[in-house]
Amino acid sequence: MTPDFIGNWVRTCYSADITPAMDGKEVTLFGWVKEIRDLGGIRFIILQDREGTIQITVPRKKVSAEVLSKSNSLQKRYSVGVKGVVKKTDMSPRGVEVIPNEIKVLNTAAAQLPIDITGKTPANIEARLDARALDLCQEQSIAVFKIQHVALDAIRSFLFERGFLEVHTPRIIASATEGGAALFTVDYFGEKAYLAQSPQLYKEQLVMSLEKVFEVGPFFRAEASHTRRHLSEFISVDIEQAFADAEDVMALLEQVIQHACKTVKEKCTKELTILKHKVEVPEVPFKRLTYDSVLDDLKKEGVEVPWGEDIPTEAFRTLGKLHPYFYFITDWPTESKAFYIKPRDDKPELCEGFDLMWRWIEIVSGGTRIAEKDLLIRRLKEKGLNPESFKHHLQAFDYGMPPHAGWAIGLERLTMILTGRRNIREVTLYPRDRTRLTP
RNA sequence: GCCCAGGUAGUAUAGUCCGGUCUAGUAUAAGCGGCUGUCGCCCGCUAGACCCGGGUUCAAAUCCCGGCCUGGGCGCCA
């Protein structure tokens, strides 16, 4: 079939914009055939676009031969344009339908689709990701990414209003930022380079000049994780603030999270309905649990964690049952956190690092950073890292590094919470994990 | 890196434990035909699958071994 030309057609509205009040008005719609229900003398075509669906009703005896033959040639996923008249009716779900005057087939599609787009036979995550471009056409997928967009937009506006500047630090770096986590290597004109696992060191340097910065971008970790909450490439929402400590940025963070939840709840009612999910707006301040109190609570639940060690996932799952929403864990042992987290002045074995938890999942980590060069060098050594490979970072500390603090939100993990999805790959357009590099 | 589970039509599944009426069932999708108010439309017909290789056996989707692939858990972390 030869596709029609789009010509001078211009979309007048999205499917979702059509209301019974528009009865009799002519509209031009673009979209895709989602479903066809042909009853013989009357045919219903469900046209889908980004904003939803609308029923195109084709009564055989009341439309032109041209429209009848075009509508007859349609199949699922055909890309089409429809010019027609809105008709108010109590016989369609939204109280409206469109009677077509002209139909353009802009492109065809394979008859047998790799996944069911009507949702009658839902595909597994593997089949969905293999056919991701098509999978993303499903209204649930669209809802997920609209919610992510709204949440990120809310976070950005919130930070803009509080004087944060958006920055972009390098993805290609010469040495590890944190040690530990594995890095992807890159051939940089014959020199060995790495993909950044975090903007940590750069954003810290920027507080000397721009004072309050944030960055939204992808970062890379070459950990061979096999879980529902890890990706090799993930989006981090990072902030760093001069003349601030952990308490300051925690207060900012809980407001950011609250604002994102509130905005999504208000603006995404349609998407949340599609996903059958409810977003609860958390009250601030969030609960603040110290590492020591967490260990005590776990002990009461019969879970022993030796002091000084990181809390294992199983223990976090227990903790998540005790605290079923957002909560902070503070006062971690200095040794359990990264080298740049500031030890407490009064108790150096504890530090000013914190995690923001949601049930059993860590979604944010942050803290007061070390601003004093000698202490930073000592901490590097204690962590088994070579200060020499951090010399370019360390030099910044010779020029008036202010006290500062910051955090990093895992955007996909936040999106999981806001959308109720249980697999991080569902909330990632094209996820990269241990075994998936395509599509 | 370690551990567990699993690969049956386009998709999702039953059957596998305990080998044989499995000539592999069902739903949905697809193709053809029918139907003027569907909204998971309905009805009839058609076509469509046991991951690969080896072994055991009279007989393997089913049991054993190896491989490949996938999902999940742990560790690590966002």
Side-chain angles (χ1 to χ4, degrees), chain A residues 34-46 53-63 75-77 87 89-97 99 109-131 134-135 138 178-182 197-200 216-238 309-317 336-338 355-358 360-366 407-417 422-425 427-428 433-436:
Chain A
K34 189 189 178 199
E35 259 187 288
I36 301 166
R37 286 190 282 271
D38 188 345
L39 276 65
I42 191 165
R43 180 180 291 139
F44 302 102
I45 296 152
I46 309 304
T53 57
I54 183 74
Q55 175 169 294
I56 311 295
T57 304
V58 188
R60 179 179 281 173
K61 290 177 182 165
K62 293 180 190 166
V63 296
Q75 291 183 354
K76 277 190 190 138
R77 285 306 302 169
K87 192 180 152 198
T89 169
D90 51 8
M91 289 184 287
S92 79
R94 286 214 339 260
V96 274
E97 59 190 5
I99 312 296
Q112 184 77 75
L113 302 173
I115 57 168
D116 172 19
I117 57 162
T118 65
K120 290 175 197 168
T121 311
N124 292 328
I125 188 77
E126 182 199 351
R128 290 180 53 194
L129 293 176
D130 282 342
L134 180 62
D135 179 54
Q138 303 199 75
E178 313 195 10
Q197 59 183 192
S198 144
Q200 185 60 36
V216 180
F219 290 97
F220 309 88
R221 303 212 175 153
E223 296 290 347
S225 300
H226 285 104
T227 79
R228 289 182 278 129
R229 60 188 191 284
H230 287 88
L231 294 167
S232 307
E233 176 175 352
F234 68 100
I235 310 282
S236 180
V237 179
D238 270 83
E309 292 192 9
D310 205 349
I311 296 167
T313 302
E314 198 195 340
F316 270 133
R317 285 180 192 270
S336 69
K337 289 289 175 192
D355 286 348
L356 177 65
M357 306 296 300
W358 181 82
W360 57 279
I361 298 176
E362 180 187 341
I363 67 158
V364 183
S365 71
W407 42 250
I409 305 175
L411 181 63
E412 291 89 348
R413 289 187 181 179
L414 180 63
T415 308
M416 286 171 79
I417 294 165
R422 299 192 63 193
N423 190 320
I424 199 163
R425 282 171 275 196
V427 304
T428 307
D433 62 35
R434 177 65 191 84
T435 56
R436 184 173 289 276

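Lettering follows sequence order; numbering is per chain, from 1.
Using P as the reference atom, B/rA5 and B/rC52 are 22 Å apart when rounded to the nearest Å. Comparing B/rU16 with B/rG1, their C1' atoms sit 32 Å apart, to the nearest whole Å. Rounded to the nearest Å, the gap between the C1' atom of B/rU8 and that of B/rC69 is 15 Å. Separation of the C1' atoms belonging to B/rC3 and B/rC63 is 24 Å when rounded to the nearest angstrom. For B/rG48 and B/rG37, the P atoms lie 35 Å apart once the distance is rounded to whole Å. Taking atom C1' on both B/rG55 and B/rU46, the two are 39 Å apart, rounded to the nearest angstrom. Distance check on atom C1': B/rG19 versus B/rA9 gives 24 Å, rounded to whole Å. Between the P atoms of B/rG72 and B/rA29, the separation comes to 27 Å (whole Å).
Side-chain N/O atoms of A/R94 and base N/O atoms of B/rC39 include no donor-acceptor pair closer than 3.5 Å. Side-chain atoms of A/H230 and base atoms of B/rC76 include a donor and an acceptor less than 3.5 Å apart. For a distance-only test at 3.5 Å, the side chain of A/T313 fails to qualify as a donor-acceptor partner of the base of B/rG75. One cannot find a donor-acceptor pair under 3.5 Å joining the base of B/rG75 and the side-chain atoms of A/E314.
Within the 4.0 angstrom heavy-atom criterion, base atoms lie near A/D38. Residue-level contact check: A/S236 touches neither bases nor backbone, having no heavy atom under 4.0 Å from any strand. Residue A/P59 is classed as having no contact, given no heavy-atom separation below 4.0 Å to the nucleic acid. The residue A/T118 sits apart from the nucleic acid: no heavy atom pair falls under 4.0 Å. Contact annotation for A/G410: backbone-only contact, meaning every heavy-atom pair under 4.0 Å involves sugar-phosphate atoms and none involves a base. Within the 4.0 angstrom heavy-atom criterion, only backbone atoms of the sugar-phosphate kind lie near A/A123; the bases stay farther away. Backbone-only engagement by A/R317 is indicated by non-hydrogen atom pairs under 4.0 Å involving sugar-phosphate atoms exclusively. Note on A/R228: only backbone sugar-phosphate atoms sit closer than 4.0 angstrom, heavy atoms only; bases stay farther off. Looking at heavy-atom distances under 4.0 Å, A/N423 makes contact with sugar-phosphate atoms alone, never a base. At the heavy-atom level, A/L231 lies under 4.0 Å from base atoms of the strands shown. Contacts of A/V237 with the nucleic acid, taken as non-hydrogen atoms under 4.0 Å apart, are absent.
Checked against B/rU36, B/rG72, B/rC74, the side chain of A/L39 finds its nearest nucleotide in B/rU36. Listed nucleotides B/rC2, B/rC77, B/rU28 differ in distance to A/R221; the shortest reach to its side chain belongs to B/rC77. The side chain of A/R229 sits closest to B/rC77 out of B/rC77, B/rG72, B/rU28. Of all nucleotides listed (B/rU38, B/rG75, B/rU11), B/rU11 comes nearest to the side chain of A/A127.
Closest of all the heavy-atom pairs between A/D238 and A/F219 is OD1-CE1, 4.4 Å. When all heavy atoms are compared, the tightest approach of A/T428 to A/E412 is OG1-CG, 3.6 Å. A pairwise comparison of heavy atoms in A/F316 and A/I311 identifies CE1-O, 3.2 Å as the closest pair. Contact detail for A/R434 and A/H226: the closest heavy-atom pair is CG-NE2, 3.7 Å. The shortest heavy-atom contact between A/Q197 and A/A182 is NE2-O, 4.1 Å. Closest of all the heavy-atom pairs between A/R128 and A/Q138 is NE-NE2, 4.3 Å.
Side-chain nitrogen and oxygen atoms of A/R37 include none within less than 4.0 Å of the OP1 or OP2 phosphate oxygen of B/rU38. For the OP1/OP2 pair of B/rG71 and a distance below 4.0 Å, the side-chain nitrogens and oxygens of A/R425 include at least one atom meeting the criterion.
Along RNA chain B, the nucleotide closest to A/Q55 and the one closest to A/R434 are compared, and the more 5′ of them pairs with A/R434. Sequence order on RNA chain B of the closest nucleotides to A/K87 and A/E35 puts A/K87 first from the 5' end.
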Using residues 112-123 of chain A as the side-chain source, report each donor-acceptor pair under 3.5 Å to any protein atom, sequence neighbours left out, with the distance given to one decimal.
{"from": "A/D116", "atom 1": "OD1", "to": "A/T118", "atom 2": "N", "distance (Å)": "2.9"}
{"from": "A/D116", "atom 1": "OD1", "to": "A/T118", "atom 2": "OG1", "distance (Å)": "2.7"}
{"from": "A/D116", "atom 1": "OD2", "to": "A/T118", "atom 2": "OG1", "distance (Å)": "3.4"}
{"from": "A/D116", "atom 1": "OD2", "to": "A/K120", "atom 2": "N", "distance (Å)": "2.8"}
{"from": "A/D116", "atom 1": "OD2", "to": "A/T121", "atom 2": "N", "distance (Å)": "2.6"}

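With salt bridges taken as basic N to acidic carboxylate O contacts below 4.0 Å, none links A/K337 and A/D310. Checked for salt-bridge contact, A/R37 and A/E35 meet the test: a charged N lies under 4.0 Å from a carboxylate O.
Taking the 5.5 Å centre cut-off and the 30° plane limit, the aromatic side chain of A/F44 is not classed as stacked on B/rG37.
In RNA chain B, consecutive stretches of 3 or more Watson-Crick or G-U wobble pairs with both distances under 3.5 Å are given as paired ranges: B:1-7 with B:68-74, B:10-13 with B:25-28, B:30-34 with B:42-46, B:51-55 with B:63-67.
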Find every protein N or O atom lying less than 3.5 Å from an N or O atom of nucleotides 30-32 of chain B, and list the pairs.
{"from": "B/rA30", "atom 1": "OP1", "to": "A/K76", "atom 2": "NZ", "distance (Å)": "3.3"}
{"from": "B/rA30", "atom 1": "O4'", "to": "A/Q112", "atom 2": "OE1", "distance (Å)": "3.3"}
{"from": "B/rG31", "atom 1": "OP1", "to": "A/Q75", "atom 2": "NE2", "distance (Å)": "3.1"}

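Side chains of A/E223 and A/S225: a donor-acceptor N/O pair is absent below 3.5 angstrom, by distance only.
Within the 4.5 Å cutoff, the side chain of A/I45 has no heavy atoms near those of the A/Q55 side chain.
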